[in-house]
Amino acid sequence: MILKLKFKNIVDAPKCKILVNDLELYSGPVLSDFEYNYPHTDGKCLLVIEHWDKLPSDTIVQDGRIVRDRSFELDKIVIDEYDIEELIWNSEFLAQDGQTYPSCLFFGPTGKFILNFYNPVLHWVLKTRHEKNNNDPNWEEDYNYYQQACKILKQM
């Protein structure tokens with residue numbers, strides 16, 4: 001499984017850890033692009049991106065407003081060449097103070113972004129979109145077709 005993450009609006013060198021199924025893939029300064037070939041077979045996957053090493057002094061407040069904050073945003077997740085697009089919002093951010101923020105891609109407070117998904121990711125994407133929108137009763141046929149088409153394209 002090839003995992004690609006894209007981050008944006010990286011302010012003041014925040015640090016993160018990236019884990020899949022409790023295996024730490026990276027720990028260090030947030031990079032705008034991250035890629036890792038994870039040796040994972042089919043089944044459940046848990047992606048965790050943890051924002052850590054932030055101090056209260058990393059947030060600058062003037063007149064009751066935050067004017068500068070060590071932070072970053074998750075912009076995109078691509079798994080095995082499939083951009084999960086809107087399904088990135090099927091996540092939550094658990095702040096260190098106990099607050100839970102559904103569908104949050106902003107890493108301001110110290111905490112963890114959590115996304116549960118399944119591999120093969122194309123199967124998960126099609127199934128989840130069908131369950132959410134109930135608009136593609138033939139999603140399993142589509143999956144088989146896409147899977148065959150991708151095999152042919154990779155041979156070219």
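In terms of the ring pair (Phe, Tyr, Trp, His ring centres under 6.0 Å) criterion, Tyr101 has no residue partners (sequence neighbours excluded). Asp33 meets the side-chain hydrogen bond (donor to acceptor under 3.5 Å, both in side chains) test with Lys6; sequence neighbours excluded.
Contact annotation: the side chain of Asp75 never approaches that of Leu105 to less than 4.5 Å [non-hydrogen atoms, C-beta and beyond]. You'll find the side chain of Ile18 reaches within 4.5 Å of the side chain of Leu47, heavy atoms only. Under the 4.5 Å side-chain criterion, counting only non-hydrogen atoms from C-beta, Asp42 is not in contact with His123. At least one side-chain heavy atom of Lys54 sits under 4.5 Å from a side-chain heavy atom of Asp69. Put simply, the side chain of Leu46 reaches to within 4.5 Å of the side chain of Ile114, judged on heavy atoms.
One N or O on the side chain of Asp97 and one on the backbone of Gln99 form a donor-acceptor pair closer than 3.5 Å. Although no hydrogens or angles enter the test, the distance criterion places no donor-acceptor pair under 3.5 Å between the side chain of Tyr82 and the main chain of Glu85. For the pair Arg70 (side chain) and Asp53 (backbone), a donor-acceptor distance under 3.5 Å is present.
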Chi angles and distances behind the side chain to side chain contact (heavy atoms under 4.5 Å, CB included) call for Trp124, Ile79
CA-CA 11 Å; Trp124 173 75; Ile79 304 168; 5.7 Å; no

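Nearest heavy atoms, His51 versus Pro14: NE2-CB, 3.8 Å. Nearest approach of Phe7 to Leu31, heavy atoms of both residues: CD1-O, 3.1 Å. Here the closest non-hydrogen pair linking Pro102 and Thr100 is CD-O, 3.6 Å. When every heavy atom of Asp80 is checked against every heavy atom of Met1, the shortest pair comes out as OD1-CA, 3.1 Å. The two residues Lys76 and Asp83 come nearest to each other via the heavy atoms CE-OD2, 3.4 Å. Residue Asn21 comes nearest to Lys44 through the heavy atom pair ND2-O, 3.5 Å, listed as atom of the first residue, atom of the second, then distance.
Sorted by first and then second residue, the side-chain hydrogen bond (donor to acceptor under 3.5 Å, both in side chains) pairs involving residues 103-121 (not counting sequence neighbours) form an empty list.
Phe34 and Tyr36 have parallel rings, their planes meeting at less than 30° on a 0 to 90° scale where 60° marks the start of perpendicular. In this structure, Phe113 and Phe107 have tilted ring planes: the angle between them lies in the 30° to 60° band.
Under a hydrophobic-cluster definition in which Ile, Leu, Val, Met, Phe, Trp and Tyr are linked whenever side-chain heavy atoms come within less than 4.5 Å, directly or via other members, Leu19 and Leu94 are assigned to the same cluster.
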